[in-house]
Number of protein chains: 2
Amino acid sequence: MAERKLPGRNHDHAACMADALRRAERLCYERGAQLTPIRRRVLELIWTDHRPYGAYELLEKLQAERGRVAPPTIYRALDFLLVHGLIHRIESLNAFVGCPRPSDCSAGQFFICDGCGVTAEIADKALAQRIDGAALELGFTVSQRIVEIRGHCRRCHLPEQDEAPVL
Amino acid sequence: MAERKLPGRNHDHAACMADALRRAERLCYERGAQLTPIRRRVLELIWTDHRPYGAYELLEKLQAERGRVAPPTIYRALDFLLVHGLIHRIESLNAFVGCPRPSDCSAGQFFICDGCGVTAEIADKALAQRIDGAALELGFTVSQRIVEIRGHCRRCHLPEQDEAPVL
DNA sequence: GCCGGAGCGTTACAATATAACATCCGCTCT
DNA sequence: AGAGCGGATGTTATATTGTAACGCTCCGGC
């Protein structure tokens, strides 16, 4: 059921990120979409780790590298990455996270640790189908399923104290 | 499975809203919480219909009635109503919708029509359990399940044109 | 050459949300 | 009665997130 794990102790993130970038390049190539330096860099920044990044957080990083970057620059890059499924928006955080499987990402569900920020995407088909079934009963046509589960990962397993997220 | 329907043609909304207000009053009384005039009025405004309302939309309505209402007033009322489960926040819209069953609302799922804005809450236990099952596999402790299904209701059944929401 | 579209820069602003401090009012304790 | 306290609200200012609108440049096709 869970097709991805929360990144664990032995996670080789350099390889993980390199894979993501390679997939992005291939997918853009196949579609004739331009993964320009800015777009590519924003994607890299998002893949810094498995936490969602806010637009202005990315903006600051880009500004540190290039000076004078205005919000639309970031938002345009994010739009591009969203449209091509290379990232997802986490609605409950107003933030963006890399998609590990950009070619098939319409049914993703997110588990977001409020302790460390780590976010895992799974693709539980049965869950998506159950949602579609409920929609059918309501006569409702689904265009987007937003499933964001907030809580604590194993390592942050302290759900009672409302700590500030360790961002 | 679907425990609520999308409000249909024969929906008696006056009664629906009156019920909601009565439930809110009883629940606050039982908990010793104060449903003050502002809080009550905000709840009424949210129950104007079954669409989510933004904080500033509510603010304008309240200002029309009372003049000079500042944002914190609204946000404080919304916080109160959220804490007591009388309303829900729709994360993907930054907006708020009334909860039809405030005493048992931890497992709600929302179907949001992008045409007319109508939002229906259902409480599919099996869906919630499936999410919890996936969480268990990940070693993840769930504190909140956000399920927001965007699409079109039966009456707005035109999913291909991206119309502006008829708010 | 020139046109058109994509990408980006720039300015200004809109929309959403909160921090911090002041005031008021009802309650309790003495 | 007066002091002190907590909850609710008022007030001011500001933080955070997101967009509109316009113009420039570059590049590829005709």
Side-chain angles (χ1 to χ4, degrees), chain A residues 24-25 28-29 31-43 45-46 51-63 65-84 86-97 117 148 162 164-165 167, chain B residues 24-25 28-29 31-43 45-46 51-63 65-84 86-97 117 148 162 164-165 167:
Chain A
E25 267 160 9
C28 286
Y29 176 76
R31 297 185 185 173
Q34 300 181 48
L35 190 62
T36 63
I38 288 182
R39 292 166 177 176
R40 196 192 141 91
R41 185 64 186 133
V42 170
L43 185 57
L45 290 172
I46 287 175
R51 292 171 13 226
Y53 282 93
Y56 278 74
E57 207 175 346
L58 297 166
L59 181 57
E60 280 174 22
K61 297 193 185 207
L62 216 54
Q63 282 171 337
E65 297 172 2
R66 316 189 158 218
R68 277 166 241 221
V69 180
T73 298
I74 291 290
Y75 281 101
R76 287 192 283 232
L78 292 172
D79 281 347
F80 173 89
L81 298 170
L82 282 171
V83 162
H84 289 285
L86 299 169
I87 62 174
H88 294 290
R89 179 181 169 87
I90 304 298
E91 298 291 346
S92 61
L93 291 174
N94 296 330
F96 304 85
V97 72
E148 300 176 7
D162 53 343
L167 293 186
Chain B
E25 268 159 9
C28 286
Y29 176 75
R31 295 186 186 173
Q34 301 181 47
L35 190 61
T36 62
I38 287 183
R39 291 167 177 175
R40 196 192 141 91
R41 185 66 186 131
V42 170
L43 184 57
L45 290 171
I46 288 175
R51 291 170 14 227
Y53 282 92
Y56 278 74
E57 207 174 346
L58 297 167
L59 181 57
E60 280 174 23
K61 297 193 184 208
L62 216 54
Q63 282 170 337
E65 297 172 2
R66 318 190 156 215
R68 279 167 239 219
V69 180
T73 298
I74 291 290
Y75 281 101
R76 286 193 283 233
L78 292 171
D79 281 347
F80 174 88
L81 297 170
L82 281 171
V83 162
H84 289 285
L86 299 169
I87 61 174
H88 294 290
R89 179 182 170 87
I90 303 298
E91 297 291 347
S92 61
L93 291 174
N94 296 330
F96 304 86
V97 72
E148 299 177 8
D162 53 343
L167 293 186

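Chain letters run A, B, ... following the sequence lines, proteins first, then strands; residues in each count from 1.
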Take atom [atom1] of [X] and atom [atom2] of [N], then tell me their distance rounded to the nearest Å.
| X | N | atom1 | atom2 | value |
| --- | --- | --- | --- | --- |
| B:L93 | D:dG18 | CG | C1' | 15 Å |
| B:D79 | C:dT18 | CG | C1' | 10 Å |
| A:Y75 | C:dA14 | OH | P | 16 Å |
| A:E57 | D:dG18 | CD | C1' | 16 Å |
| A:L81 | C:dC8 | CG | P | 11 Å |
| A:R41 | C:dC8 | CZ | P | 15 Å |
| B:I90 | C:dT16 | CD1 | P | 15 Å |
| B:L78 | C:dA17 | CG | P | 9 Å |

Counting distance alone, no hydrogens or angles: does the base of C:dG9 have a donor or acceptor under 3.5 Å from a partner atom on the side chain of A:R76?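 Indeed, a donor on one side and an acceptor on the other fall under 3.5 Å apart.
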With a centroid cutoff of 5.5 Å and a plane-angle limit of 30°, would you call B:Y56 stacked on C:dT16?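 Yes, the aromatic ring of B:Y56 stacks with the base.
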Measure from the side-chain heavy atoms of [X] and tell me the nearest of [options].
| X | options | answer |
| --- | --- | --- |
| A:I38 | C:dT18, D:dG10, C:dG9 | C:dG9 |
| A:T73 | C:dA20, D:dT17, C:dG9 | C:dG9 |
| B:Q34 | D:dG7, D:dT19, C:dT10 | D:dG7 |
| B:A70 | C:dG7, D:dT11, D:dG18 | D:dT11 |

Test item: A:I87 and A:V97 side chains (from C-beta on) under 4.5 Å apart, heavy atoms: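 No, too far: nothing below the 4.5 Å cut-off.
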Report yes if the side chains of A:L86 and A:C28 come closer than 4.5 Å at any heavy-atom pair, otherwise no.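 Counting from C-beta outward, A:L86 and A:C28 do come under 4.5 Å.
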A:Y53 six-ring face occupied by A:R51 cation (under 6.0 Å, within 45°):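 Cation-pi check for A:R51 and A:Y53: passes.
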For the CZ atom of B:R66 and the CD1 atom of B:I38, what is their distance to the nearest 0.5 Å?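 Taking CZ in B:R66 and CD1 in B:I38, the distance rounds to 4.5 Å.
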B:L43 side, atom CG; B:H84 side, atom NE2 - distance, nearest 0.5 Å: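 Answer for the CG-NE2 pair, B:L43 versus B:H84, is 12.0 Å.
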Hey, which sits more toward the 5' end of DNA chain D by its nearest nucleotide, B:P71 or B:R39?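 The residue mapped nearer the 5' terminus is B:R39.
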Select from A:V69 and B:N94 the residue whose nearest nucleotide in DNA chain C is closer to the 5' end of that strand.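 Final value for this comparison: A:V69.
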OP1, OP2 of [N] versus side-chain N and O of [X]: anything below 4.0 Å?
| X | N | answer |
| --- | --- | --- |
| B:T36 | D:dT9 | yes |
| A:R68 | C:dT10 | no |
| B:R89 | C:dA17 | yes |

